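Accompanying notes for the structure given below.
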There are 2 protein chains.
Amino acid sequence: MGMGRPREFDAELALDQAMEVFWRHGYEGATIAQLTEAMGINPPSLYACFGNKEGLLKAALDRYTKLRNIWMEEVVAAPTARAVAERMLMGIADKQTDPANPPGCLLVQGGIACGSGSENVPFELAARRAQNEDQLRDRFVRAKAEGDLKESADPAALARYVSAVSVGMGVMASSGADREALRQVADVAVQAVEAQSTDKT
Amino acid sequence: MGMGRPREFDAELALDQAMEVFWRHGYEGATIAQLTEAMGINPPSLYACFGNKEGLLKAALDRYTKLRNIWMEEVVAAPTARAVAERMLMGIADKQTDPANPPGCLLVQGGIACGSGSENVPFELAARRAQNEDQLRDRFVRAKAEGDLKESADPAALARYVSAVSVGMGVMASSGADREALRQVADVAVQAVEAQSTDKT
DNA sequence: CCAGATATGTAGTGTTCACTACAGATGTGG
DNA sequence: CCACATCTGTAGTGAACACTACATATCTGG
C-alpha cells in the first residue's frame, strides 16, 4: 500500500493565487480557467485538492482570515478603545490600498450578492466579518469595564460601527479611492469612538 | 409608414421588477430567465426595449438613483451638518431594512466585483455612489461657510465618511442586520459629525 | 522490482448562459 | 383594406461554464 504520487505544487502558494482571483473578480466572476491558470495547475489537481469551486473559496477564506486574525491581535492590543479604533481603521486604509493585493477586502469583494446556486457564499463571508466584529466587541466590553469607555457607551454598537466603517472603506478602495482618502475617512470615524471615551487627553 | 404594434407591458413597472432581481442577486447572479419571469415578459421584449443585460441594469440604476435623489434633496435640506448626517444615516437604516425591498443598497448589491466581461458594472455603480457623495460634500461646504462646521473640518472628508458608513450599513443589512442594529450604527456615526460641528447644544 | 495508491495532463461531458431568427400578431398612415 | 412598422411567443443558437473520465506518470511499502 504505497502513498501515491506526491503533489507537484505548493497548496498554500496556489491558495494565495486563487485568493487574488476571487478578490479581484468575486466568487461568481472568477472562472475555473482563471483560477487554474493563476494557480499554475490543471482542473483535476484543483478538484482533487479542494473539492470544488466553493471548497477552494473556503480554503482561501481560511487563509485570509488566519492572516487577518494575527493582525487583529495587534489591533486589540492597543491600550484604549480609541487607539484600537485608530489602529484598526488606519491599518485598514493601508491594507486596502496595498498595491501587493487587489484593492478592498476579500470578505466584501468575494461576493455580497450571488446567484441562485451560490446563496451560501455571501453567508460565509458575512460569518467571517462577524468574527471580526466579535473581537472588537469583546475588546470594547473590556474597555468599558476598565472605565476607558463611558458608562453610556454600547460596546456592541461601537464594534458594529467600526466594522461598518471598515467595510465601507473597502468598497471605496475597490472603486478607486486612494490611501489618503481612506485615511481621512478613518480619521473622522475615530472621533465617534473618542466621543464615547472618558479620557480625552 | 405605420407606427407598429404598441408594447403590451409597462416599462417602468417591468424595471421595478428587474431592479429587485439585480438587487437580490447582483448583476452577474441575475439571469435573463429570472429577469424576464419577474418582469412578466419574454426575452425578445427585453432586448427590444433595453438592448441587453447591461442596458437593463443601467435603466434600473437610472430609476433607482432618480428616486434616491428625490430623497437626498430632503436629506440635504436639514438645517445643520449634524442633522443632515442623522437624517441620511437614520433614513438609510430604515430604507435598507424595508421589507418592501431586498435588504441593503442596489448600488452595492448590484456588483462590487465582476467577471472579465462586466468590468464596467462596478464602475457604473461607483459613479452613482460618487454622485451621492458629491451632494453631501456640497452641503457640508455650505455648512462650513455658514459656520456650522468648524474651521478645521474637511467637508470632502466628512462626505466621504458619511458615504462610507452608509455603504457599510448596506452590506450589514444584506447579511441580516436588523433595523435596530443599523440605527445604533447610525447613532454612533453621527457623533463624528457632531465632533466637527460648532454648536453642540 | 513489483503492487497499490495518488497526482497529472489531455480532452472532453452535460448544463446553463446571454442572446436571437423567425413567424405570427397588432397597431398606424394612406 | 392595404403596405408597413413594431411587438410578441416559440424555439432555438453558439459560447462559456463547472466539472470529470481516462490514460499515464510518480511515489511508497514489501
Side-chain angles (χ1 to χ4, degrees), chain A residues 1-15 17-19 21-22 24-61 110-111 113-121 124, chain B residues 1-15 17-19 21-22 24-61 110-111 113-121 124:
Chain A
M1 39 171 160
M3 282 176 60
R5 177 175 176 177
R7 89 164 45 102
E8 292 181 358
F9 62 95
D10 180 347
E12 287 210 332
L13 208 70
L15 261 185
Q17 309 305 320
M19 196 170 76
V21 176
F22 283 132
R24 202 174 293 280
H25 297 292
Y27 175 74
E28 294 193 300
T31 70
I32 297 290
Q34 285 175 323
L35 289 164
T36 53
E37 183 180 353
M39 298 166 86
I41 61 177
N42 290 323
S45 298
L46 190 159
Y47 285 90
C49 190
F50 302 105
N52 56 16
K53 189 181 176 183
E54 194 169 329
L56 176 61
L57 175 71
K58 285 183 184 170
L61 290 177
C114 275
S116 295
S118 318
E119 289 97 346
N120 50 337
V121 167
E124 191 78 28
Chain B
M1 40 170 162
M3 282 178 57
R5 178 174 174 178
R7 94 163 40 103
E8 293 181 356
F9 63 95
D10 179 346
E12 287 211 332
L13 207 70
L15 260 185
Q17 309 305 319
M19 195 169 77
V21 176
F22 283 132
R24 200 174 295 280
H25 296 292
Y27 175 73
E28 294 193 300
T31 69
I32 297 291
Q34 286 174 323
L35 290 164
T36 52
E37 183 180 353
M39 298 166 85
I41 61 177
N42 291 321
S45 297
L46 191 159
Y47 285 90
C49 190
F50 302 104
N52 58 14
K53 190 181 176 184
E54 194 169 329
L56 176 61
L57 175 72
K58 284 183 184 170
L61 290 177
C114 275
S116 295
S118 318
E119 289 97 347
N120 50 337
V121 167
E124 191 77 28

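Residue numbers begin at 1 in each chain, while the letters A, B, ... track the order of the sequences. Note that this is a predicted model, so its numbers are computed, not measured.
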Does any N or O donor sit under 3.5 Å from an N or O acceptor when you compare the side chain of R5(A) with the base of dC27(D)?
no
With the side chain of K53(A) defined as its heavy atoms from C-beta on, choose the nearest nucleotide among dT8(C), dA18(D), dA18(C).
dA18(D)
Relative to the 5' end of DNA chain C, which residue comes earlier, F9(A) or E8(B), by the nucleotide with the nearest heavy atom?
F9(A)
Search all heavy atoms of L35(A) against all heavy atoms of F22(A) and return the closest pair with its distance.
CD1-CZ, 3.8 Å
Which whole-number value in Å describes the distance from M3(B) CE to dC4(D) P?
18 Å
Rounded distance (Å) that lies between atom C1' of dA7(C) and atom CG of D10(A)
15 Å
Check whether N42(B) reaches the backbone of S45(B) with its side chain - one donor and one acceptor, N or O, closer than 3.5 Å.
no
How close or far is atom P of dT6(D) from atom CG of N42(B), stated in whole angstroms?
20 Å
How long is the line joining CD of E37(B) and P of dA18(C), in whole Å?
14 Å
I want to confirm an ordering. Mapping A48(A) and G4(B) to their closest nucleotides on DNA chain C, which one lands closer to the 5' end?
A48(A)
Reckon P44(A) touches a base, only the sugar-phosphate, or nothing at all at heavy-atom distances under 4.0 Å?
base
P43(B) or G51(A): which one's nearest nucleotide on DNA chain D is closer to the 5' end?
P43(B)
Separation of R7(B) atom CZ from dT28(C) atom P, in whole Å?
15 Å
To the nearest Å, how far apart are F50(A) CZ and dA7(C) C1'?
14 Å
Give a yes or no on whether E37(A) atom CD has more than 12 heavy-atom contacts from other residues, nucleotides or ligands under 6.0 Å away.
no
Less than 4.0 angstrom between a side-chain N/O of S45(A) and OP1 or OP2 of dT8(C), yes or no?
yes
Using 0.5 Å steps for rounding, measure from the CG atom of L61(A) to the CG atom of L15(A).
10.0 Å
Nearest-Å distance for atom pair CG/C1', residues L35(A) and dA18(D)
11 Å
Between Y47(B) and dC19(C), is there a contact of a side-chain N or O with OP1 or OP2 at under 4.0 Å?
yes
